[in-house]
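Right, one structure below, let's go through it.
Atoms within each ligand, like the ligands themselves, are counted from 1 in listed order. Atom set for the values below is all heavy atoms of this structure, side chains included, hydrogens, waters and symmetry mates excluded. This is a predicted model, so every value here is computed, not measured. In this chain, numbering begins with 1 at the start of the sequence shown.
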Amino acid sequence: MLKLAIFGSGSGTNCQAIIDAIEAGTLDAEIKCVLADKEDAYILERARKHNIPAIYFDCTPFKSKLDGEAEQRVLRALEEHDVNFIALAGFMRIVKDGLLKAYEGRMINIHPSLLPSFPGLDGGKQAFEYGVKYTGCTVHFVDAGVDTGAIINQKCITIENDDTLDSMMAKLHAQEHIAYPEALQWIAEGRILRDGRRITIN
Ligand code: GAR
């Protein structure tokens, strides 16, 4: 059984999609806690509404990574809540060695582009500004690089001439909300290898 911690920094619509899939019975997992590096992140409110423990952790003095004391506090919280798998969902910090090693092969992320194109910050905006005609989202394992881990699931969208960044992002988010629960269910069923390959069950 996947005993999940979901990490975020913002509105948490992907977390909501995972909660909804579990409640609908299409994802066989339990969310043990939701964690955020911002006290007012709406993802924490979403967790509270579903009686899921919501944990804020202060990452000071680091601006863009989870390290040091904060990392230690997070590791303790994960142990206390009996977490065996981590889903990053809009978590805007780089995860460092302590957490990576503790959850090696058991941490995944969603990114708003078709990796390996447009990694890093604002992947959706990068793709839109580049002028690509197709883009999408990627669910991938987390490794020590930035958005470089093995790919588990991708969904495509078409960028039409009259799309704005906002209209494109709305299409992209809708696909993310399908791709993330789907990837987690494949993992729950033991159908995903460490290199991202999918085992087909006939
Ligand atoms: C999602 O679009 C996700 O792909 C992106 O942040 C958004 C979070 O939305 N993640 C990254 O850019 C990570 N590099 P949400 O808080 O509504 O789920």
How far is [atom] from its nearest protein heavy atom, and which residue and atom name does that atom have?
atom: atom 14 (N) of ligand 1; result: H111 ND1, 3.7 Å
atom: atom 17 (O) of ligand 1; result: T13 OG1, 2.5 Å
atom: atom 12 (O) of ligand 1; result: P112 CD, 3.4 Å
atom: atom 9 (O) of ligand 1; result: N14 ND2, 4.0 Å
atom: atom 3 (C) of ligand 1; result: E176 OE2, 3.5 Å
atom: atom 6 (O) of ligand 1; result: G90 CA, 3.6 Å

Any heavy atom of [X] closer to ligand 1 than 4.0 angstrom?
X: M169; value: no
X: G8; value: no
X: G123; value: no
X: I110; value: yes

Taking N or O atoms only and a 3.5 Å limit, does S11 qualify as a polar contact for ligand 1?
->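 Between S11 and ligand 1 (N or O atoms, distance only) the closest approach is under 3.5 Å.
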
Polar-atom distance check: G12 versus ligand 1, any N or O pair below 3.5 Å?
-> yes

Between [atom1] of [X] and [atom2] of [Y], what distance do you get to the nearest 0.5 Å?
X: L44; Y: C15; atom1: CG; atom2: SG; answer: 9.0 Å
X: I108; Y: L88; atom1: CD1; atom2: CG; answer: 8.5 Å
X: D162; Y: S167; atom1: CG; atom2: OG; answer: 7.0 Å

Can you get from L35 to Y180 by hopping between Ile, Leu, Val, Met, Phe, Trp and Tyr side chains that sit under 4.5 Å apart?
->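 Each belongs to a different hydrophobic cluster.
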
Basic-acidic side-chain contact under 4.0 Å: [X], [Y]:
X: R48; Y: E45; result: yes
X: K155; Y: E182; result: yes
X: D58; Y: R73; result: no
X: K38; Y: D40; result: no

With no hydrogens and no angle check, is any side-chain donor or acceptor of Y103 less than 3.5 Å from a backbone partner on V83?
-> yes

H173: numbered ligand 1 atoms lying under 4.0 Å from its heavy atoms |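 Checking each atom against H173, I get 2 (O).
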
